[in-house]
Engineer: 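There's a structure below that I have some questions on.
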Amino acid sequence: MDRNAKVAVTLGDPSGVGPEVIVKALAALPSEERRDFVIVGNVEALERADRVSGTGLKFGPADAGGDGRIAVDEVALGAALPEIGKVSPVAGDASVRYITRAVDLAMSGKADVIVTAPINKEAMNLAGHHHDGHTGLLAHLTGSKSSFMLLASERLNTIHVSTHISLKGAIERAKTERVLATIEAGHRHFLRLGKNARIAVAGLNPHCGENGLFGTEDMEFLAPAVEQAQAKGIDVVGPISADTVFARAYNGAFDLVIAQYHDQGHIPIKLVAFETAVNVSLGLPIDRVSVDHGTAFDIAGTGKANHVNMLSAIAYARLMARSPRQRA
């Protein structure tokens, strides 16, 4: 990564494992590389995480430099630091404040990429922030009409036509325009990283509907999207039955699978790359990478949280920082 590139890491829900995986991941990096990071959150929460994790890191203001401390862009909580391991509207509000500040940094050019620690959707909604999670909130904060969730791992990548909506809503959303836009977003992202991706579109119905026996959506909506993408020069095929396409991609036939809904894409990724897959937001005017796990309140504060996924998110963020920023 360019030494001048700045990665803004949001603390996530301060009652969850976010602070712990952040301090552990930064402690695992060479000390000179830590200067490339600014943590958007609270020194108090980081120091609490440091005590249970035993990393021995020091934290200071974002403008502090050269003294070995990790830079922190302090965000006022408006209340005492919430109890660890519990759903809290204070923590939910704090997590949104962190994200909002990080977006401001990225939109103003003060950060090249955002890495986000996990938030809790219940806590966020209790605080009055009614979004489906990071994806919807980031689209709202950046004024984007929509965004796309890419789950990236070494051998399997999948981008979703829809994410945090009901299965009924997901079926209704799997229309030609949205499927085509998802294909195009994935294609642009891989081109940015230097690869003309081989893309496969997963079918919506069992066996892609068996020519209408199990539904007609694949013929009516998905196949036309593939044809339109092919006409634009995109290397894409499908729809292909979802019960085989992910195995084929994992074994090297495709670089990216278009998943029609949340669980269709998440289940195979979490099966084969549970600790290393990362969540990448596409279609935004900023770059954002996230861990692909939750707040884990059950182990928060114990020092047991695994930071491998945060290291994967940081590595992917560095990859994006080395490449020209995508267009929304």
Side-chain angles (χ1 to χ4, degrees), residues 1-75 81 84 91 94-95 97-99 101-103 105-106 110-119 134 152 275-280 287-296 299-322:
M1 182 176 64
D2 183 341
R3 184 61 63 197
N4 295 318
K6 183 63 69 176
V7 180
V9 184
T10 61
L11 203 63
D13 188 305
S15 295
V17 297
E20 294 173 50
V21 297
I22 289 171
V23 299
K24 286 183 176 182
L26 291 179
L29 296 176
S31 59
E32 64 272 13
E33 293 188 14
R34 298 174 196 154
R35 294 195 297 268
D36 296 329
F37 296 84
V38 58
I39 311 303
V40 182
N42 305 103
V43 169
E44 185 181 2
L46 288 163
E47 290 177 340
R48 181 170 69 179
D50 174 74
R51 287 193 295 271
V52 300
S53 303
T55 54
L57 297 177
K58 303 296 182 184
F59 310 93
D63 57 358
D67 60 1
R69 291 184 294 175
I70 306 296
V72 179
D73 192 319
E74 187 78 22
V75 177
L81 188 66
I84 203 160
S95 65
R97 288 171 182 251
Y98 304 150
I99 298 161
R101 174 60 179 157
V103 168
L105 293 175
K110 296 178 181 178
D112 297 278
V113 59
I114 297 171
V115 173
T116 56
I119 59 175
H134 272 114
E275 292 188 342
T276 56
V278 298
N279 181 333
V280 186
D287 291 330
R288 174 259 181 170
V289 184
S290 178
V291 295
D292 190 31
H293 63 74
T295 49
I299 62 169
T302 66
K304 296 178 181 178
N306 191 327
H307 62 288
V308 170
N309 200 226
M310 177 56 75
L311 284 172
S312 295
I314 288 171
Y316 205 95
R318 286 173 155 174
L319 178 65
M320 295 181 76
R322 287 196 296 267

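Heads up: numbering here begins at 1 and tracks the sequence. All of these numbers come straight from a predicted model, not from anything done at the bench.
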Engineer: Of all residues at least two apart in sequence or in a different chain, which pass the side-chain contact (heavy atoms from CB on, under 4.5 Å) check with L319?
Structural biologist: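 Checked L319 against side-chain contact (heavy atoms from CB on, under 4.5 Å); matches are L193, Y316, R322.
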
Engineer: Of the non-hydrogen atoms in D50 and G56, which two are nearest, and what is the gap between them?
Structural biologist: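 Reported closest heavy-atom pair: OD1-N, 2.8 Å.
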
Engineer: Rounded to the nearest 0.5 Å, what separation is found between the CG atom of L29 and the CZ atom of R35?
Structural biologist: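 Between atom CG of L29 and atom CZ of R35 there are 12.5 Å.
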
Engineer: Just verifying a value: how many Å separate R101 CZ and E74 CD, rounded to the nearest 0.5 Å?
Structural biologist: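 Taking CZ in R101 and CD in E74, the distance rounds to 11.5 Å.
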
Engineer: Given 3.5 Å as the limit, does a donor-acceptor pair link the side chain of R34 with the main chain of A27, or not?
Structural biologist: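 Pair found, side chain donor or acceptor close to backbone of A27.
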
Engineer: The test is side chain to side chain contact (heavy atoms under 4.5 Å, CB included); show your working for M320 and V280 and say whether it passes.
Structural biologist: CA-CA 10 Å; M320 295 181 76; V280 186; 3.9 Å; yes

Engineer: I need the L105 CG to D73 CG distance, nearest 0.5 Å.
Structural biologist: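 Here the interatomic distance stands at 5.5 Å.
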
Engineer: Please check if atom CD in E44 has more than 12 non-hydrogen atoms from other residues, nucleotides or ligands closer than 6.0 Å.
Structural biologist: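 Open: at most 12 neighbouring heavy atoms sit under 6.0 Å from CD of E44.
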
Engineer: For R97, enumerate each residue passing the side-chain hydrogen bond (donor to acceptor under 3.5 Å, both in side chains) test, keeping only those at least two apart in sequence or located in another chain.
Structural biologist: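 Only D93 meet the side-chain hydrogen bond (donor to acceptor under 3.5 Å, both in side chains) criterion with R97.
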
Engineer: Please report the C-alpha distance between V103 and R288 in whole Å, then the side-chain angles of each, then the deciding distance to 0.1 Å, and finally whether the side chain to side chain contact (heavy atoms under 4.5 Å, CB included) criterion is met.
Structural biologist: CA-CA 9 Å; V103 168; R288 174 259 181 170; over 6 Å; no

Engineer: List the steps and the verdict of side chain to side chain contact (heavy atoms under 4.5 Å, CB included) for V40 and I114.
Structural biologist: CA-CA 10 Å; V40 182; I114 297 171; over 6 Å; no

Engineer: Between K6 and D112, is the side chain to side chain contact (heavy atoms under 4.5 Å, CB included) condition met? List the steps.
Structural biologist: CA-CA 5 Å; K6 183 63 69 176; D112 297 278; 4.1 Å; yes

Engineer: Restricting to non-hydrogen atoms, name the atom on V291 and the atom on A313 that form the minimum distance, rounded to 0.1 Å.
Structural biologist: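 Heavy-atom minimum between the residues: N-CB, 4.1 Å.
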
Engineer: Provide the closest heavy-atom pair for A300 versus S15 in the form atom of the first, atom of the second, distance.
Structural biologist: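 Taking every non-hydrogen atom into account, CB-O, 3.5 Å.
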
Engineer: Distance check, rounded to the nearest 0.5 Å: E275 atom CD versus D292 atom CG?
Structural biologist: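 Result: 12.0 Å between the selected atoms.
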
Engineer: Which atom names give the shortest non-hydrogen contact between A277 and N309, and what distance separates them?
Structural biologist: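 Here A277 and N309 meet closest at O-ND2, 2.7 Å.
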
Engineer: Roughly how far, to the nearest 0.5 Å, is the CD1 atom of I99 from the CG atom of L11?
Structural biologist: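 Taking CG in L11 and CD1 in I99, the distance rounds to 10.5 Å.
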
Engineer: Report yes if some heavy atom in the side chain of N279 is under 4.5 Å from a heavy atom in the side chain of H134; otherwise report no.
Structural biologist: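 Counting from C-beta outward, N279 and H134 never come under 4.5 Å.
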
Engineer: Can you find a pair of side-chain heavy atoms, one from L26 and one from F37, that are under 4.5 Å apart?
Structural biologist: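 A side-chain contact exists here, since the closest heavy-atom pair is under 4.5 Å.
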
Engineer: Residues in side-chain contact (heavy atoms from CB on, under 4.5 Å) with S53, at least two apart?
Structural biologist: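 In terms of side-chain contact (heavy atoms from CB on, under 4.5 Å), with neighbours along the sequence ignored, S53 is linked to E20, V23, K24, T55.
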
Engineer: Drop me the distance from I22's CD1 to H307's NE2, to the nearest 0.5 angstrom.
Structural biologist: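 These two atoms lie 12.5 Å from each other.
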
Engineer: So which atom in A8 and which in A111 form the shortest heavy-atom distance, rounded to 0.1 Å?
Structural biologist: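 Taking A8 first and A111 second, the nearest heavy atoms are CB-CB, 3.9 Å.
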
Engineer: Can you tell which of T10, N42, D13 makes a side-chain hydrogen bond (donor to acceptor under 3.5 Å, both in side chains) with Y98?
Structural biologist: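 Result for side-chain hydrogen bond (donor to acceptor under 3.5 Å, both in side chains) with Y98: N42.
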
Engineer: State, to 0.1 Å, how close A25 and L311 come at their nearest heavy-atom pair, and which atoms those are.
Structural biologist: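 In terms of heavy atoms, the two residues are closest at O-CD2, 3.7 Å.
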
